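Since the structure comes first, as structure tokens, the remarks are kept for the end.
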Amino acid sequence: MPSLVSTLFLAATAAAAFVHPGALHTTKDFQRITKHVTDGSEPWNTTWTLLTSSSYAQSSYKPNPQAVVYRGYNGVNSENYQYLYRDAAAAYQLAVRWKITNDKSYADASVNILDSWAATITEISGTSDKFLASGLYGYQFANAAELLRNYSGWSKTNQTATANMLNDVFATMNNLFLEDHNGQNYYHYYANWDLCNIASLIAIGIFTDNKTMFDNAVTYFKTGPSNGALPIFSIANYTEPGSGKILMQGQEAGRDQGHSTLDFTLLGVVAQQAYNQGVDLFATYKNEILNGAEYVGKYNVGYDVPYTLYESYQGNQTVISNSSRGTIRPGFELLSAHYGQLKGLNSSWTDAYRDWVNTNSTSGVEGGGGNYGPNSGGFDGLGFGTLLYRLS
Ligand SMILES: *[C@@H]1O[C@H](CO)[C@@H](O)[C@H](O)[C@H]1NC(C)=O
Ligand SMILES: *[C@@H]1O[C@H](CO)[C@@H](O)[C@H](O)[C@H]1NC(C)=O
Ligand SMILES: *[C@@H]1O[C@H](CO)[C@@H](O)[C@H](O)[C@H]1NC(C)=O
Ligand SMILES: *[C@@H]1O[C@H](CO)[C@@H](O)[C@H](O)[C@H]1NC(C)=O
Ligand SMILES: *[C@@H]1O[C@H](CO)[C@@H](O)[C@H](O)[C@H]1NC(C)=O
Ligand SMILES: *[C@@H]1O[C@H](CO)[C@@H](O)[C@H](O)[C@H]1NC(C)=O
Ligand SMILES: *[C@@H]1O[C@H](CO)[C@@H](O)[C@H](O)[C@H]1NC(C)=O
Ligand SMILES: *[C@@H]1O[C@H](CO)[C@@H](O)[C@H](O)[C@H]1NC(C)=O
Ligand SMILES: *[C@@H]1O[C@H](CO)[C@@H](O)[C@H](O)[C@H]1NC(C)=O
């Protein structure tokens, strides 16, 4: 007979059950998205057309699973991780296309990608870069799986195989990286390394209903000791003259703008996934993510921002880095939608960088994997935010 304590514990566990689908997108989101698509209104229609013309969103898509994935040349094995990032993008785009159209052929193609990887992959290797692969493609695969979670054509056995792959290959490495940082001290790896591994644990925790995994990743993000954790990520706050707005210098500002902006793509993923489970990391530390996005947005659309010397593990970074300033990458639609449209906060610089990216994208809207070149950087964010996040 259960004791009172264990009964209460069970009740608390049940109350804390996860919302599904509830990583990057919820059922309510798909109601809004589908309405925009049905209406044919802009800018959603253009983004939907972009998605449906993507080579990664076709039901004929065939995956290329690898037993051992190599990211980073270790002197012996050629890199083959492009197969993983392409297939992760395809699994996600096809799952989204199924959710919007309800056409099973897209779900089947997406399921086939996950099933074939789950049946094949045993390890991610290469150099230290393997920990970028575990984080980036972990959160991407888990998001595809989460969307397909209730697809009747996905057998429970094979869902379990995907859960096992995500746990055994990806989450194991995500946890290892956050604990050990590949044997380096906490300041060695720049923030994006932590952020993608945190994003992956949150997504896998949601897909596999693992509250311990989810909670640990959220706690690490809020109070952890390394560069991706919010307290360490924040280098300096400045009050913007005139607006009184806080602009926050992030950890990679003195490195280059490609990574500075990537951090905010990943911060958006971390916060959106948690938000859909009732944990508001967007609001944490007085909207720290917004304040940082305002700083990086303002600088990347061509305005000067203040800067404080940062002592990186590579030496002192005395000025903000203008390397790849104005870089084009997806991710800021999510941040603008949440802070500006949903919460009604002033996100003008975040919006400006979102618009900058869209203006400089061939389609005029935020695309995803395949729309930003063939290299890995074009696949770091899942994208299509103009369709998936924009409210109005
Ligand atoms: C799956 O979830 C969607 C909402 O995202 C819902 O419309 C649909 O009915 C569900 N399908 C099944 C088989 O439960
Ligand atoms: C949506 O875009 C498609 C493809 O460009 C176009 O054919 C269609 O007319 C657009 N829908 C509306 C309502 O404008
Ligand atoms: C499960 O996945 C395996 C490996 O891809 C596949 O061969 C098999 O057909 C799948 N089973 C079902 C029921 O879909
Ligand atoms: C849940 O996550 C924790 C922390 O990552 C892990 O130790 C545990 O094995 C996971 N549980 C299952 C059932 O996979
Ligand atoms: C910036 O402000 C936030 C919110 O008050 C705070 O949590 C963070 O520690 C500040 N950063 C620095 C470097 O003081
Ligand atoms: C880096 O900057 C700190 C703070 O200004 C200073 O103490 C340190 O000597 C500098 N290190 C180098 C290598 O210049
Ligand atoms: C970029 O920064 C470097 C180093 O501070 C500086 O010498 C250079 O003039 C800057 N370039 C532009 C285009 O601002
Ligand atoms: C939002 O902030 C910008 C500066 O960051 C300012 O120019 C603008 O007036 C503000 N908008 C509102 C509605 O307060
Ligand atoms: C991006 O778009 C802006 C206008 O919105 C333009 O001024 C800028 O030159 C473009 N940048 C690139 C890299 O194409």
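Computed from a predicted model, the values in this text were never measured in an experiment. Each ligand, and each atom within it, is numbered from 1 in the order the structure gives.
- Remark: minimum distance from atom 9 (O) of ligand 8 to any protein heavy atom is reached at Asn346 ND2, 4.8 Å.
- In this structure, atom 14 (O) of ligand 8 has a protein heavy-atom contact shorter than 4.0 Å.
- Listed by number with element, the atoms of ligand 2 under 4.0 Å from a non-hydrogen atom of Gly40 are 12 (C), 13 (C), 14 (O).
- Proximity to Ser243 (heavy-atom distance under 4.0 Å) selects the following atoms of ligand 8: 4 (C), 5 (O).
- Looking at ligand 8, you won't find any N or O of Glu294 less than 3.5 Å from one of its N or O atoms.
- Within 4.0 Å of atom 2 (O) of ligand 2, at least one protein heavy atom is present.
- Between Lys99 and Asp29 there is no salt bridge, since no side-chain nitrogen of the basic residue lies less than 4.0 Å from a carboxylate oxygen of the acidic one.
- Listed by number with element, the atoms of ligand 8 under 4.0 Å from a non-hydrogen atom of Lys245 are 1 (C), 2 (O), 3 (C), 4 (C), 5 (O).
- Protein heavy atom closest to atom 6 (C) of ligand 6, with residue, atom name and distance, is Asn316 ND2, 4.2 Å.
- In the model, Asn182 has a side-chain atom that pairs as donor or acceptor with a side-chain atom of Tyr189 under 3.5 Å.
- For atom 4 (C) of ligand 8, the nearest protein heavy atom (residue, atom name, distance) is Glu240 OE1, 3.2 Å.
- With respect to atom 8 (C) of ligand 2, the closest heavy atom belonging to the protein is Asn45 ND2, 3.8 Å.
- There is no side-chain donor-acceptor pair under 3.5 Å between Thr362 and Asn371.
- Per-residue contacts place Ser348 under 4.0 angstrom from the following atoms of ligand 8 (heavy atoms of the residue considered): 1 (C), 2 (O), 3 (C), 4 (C), 5 (O).
- The cationic atom of Arg86 (NZ for Lys, CZ for Arg) does not lie both less than 6.0 Å from the six-membered ring centre of Phe379 and within 45° of the ring axis.
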Let's go through His181 and Tyr186 carefully: what are the C-alpha distance in whole Å and the side-chain angles of both, what is the deciding distance for ring pair (Phe, Tyr, Trp, His ring centres under 6.0 Å) to 0.1 Å, and is it a yes or a no? CA-CA 7 Å; His181 290 89; Tyr186 290 135; 5.6 Å; yes

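- Atom numbering of ligand 8 starts at 1 in the shown order; those under 4.0 Å from a heavy atom of Trp349 are 4 (C), 5 (O).
- Ser347 and Asp351 form a side-chain donor-acceptor contact under 3.5 Å, judged by distance and modelled atom types alone.
- Side-chain contact of Asp263 with Gln251: a donor-acceptor pair under 3.5 Å is absent, judged by distance alone.
- The pair Glu366-Arg390 fails the salt-bridge criterion, with no side-chain N (NZ, NE, NH1 or NH2) lying under 4.0 Å from an Asp/Glu carboxylate O.
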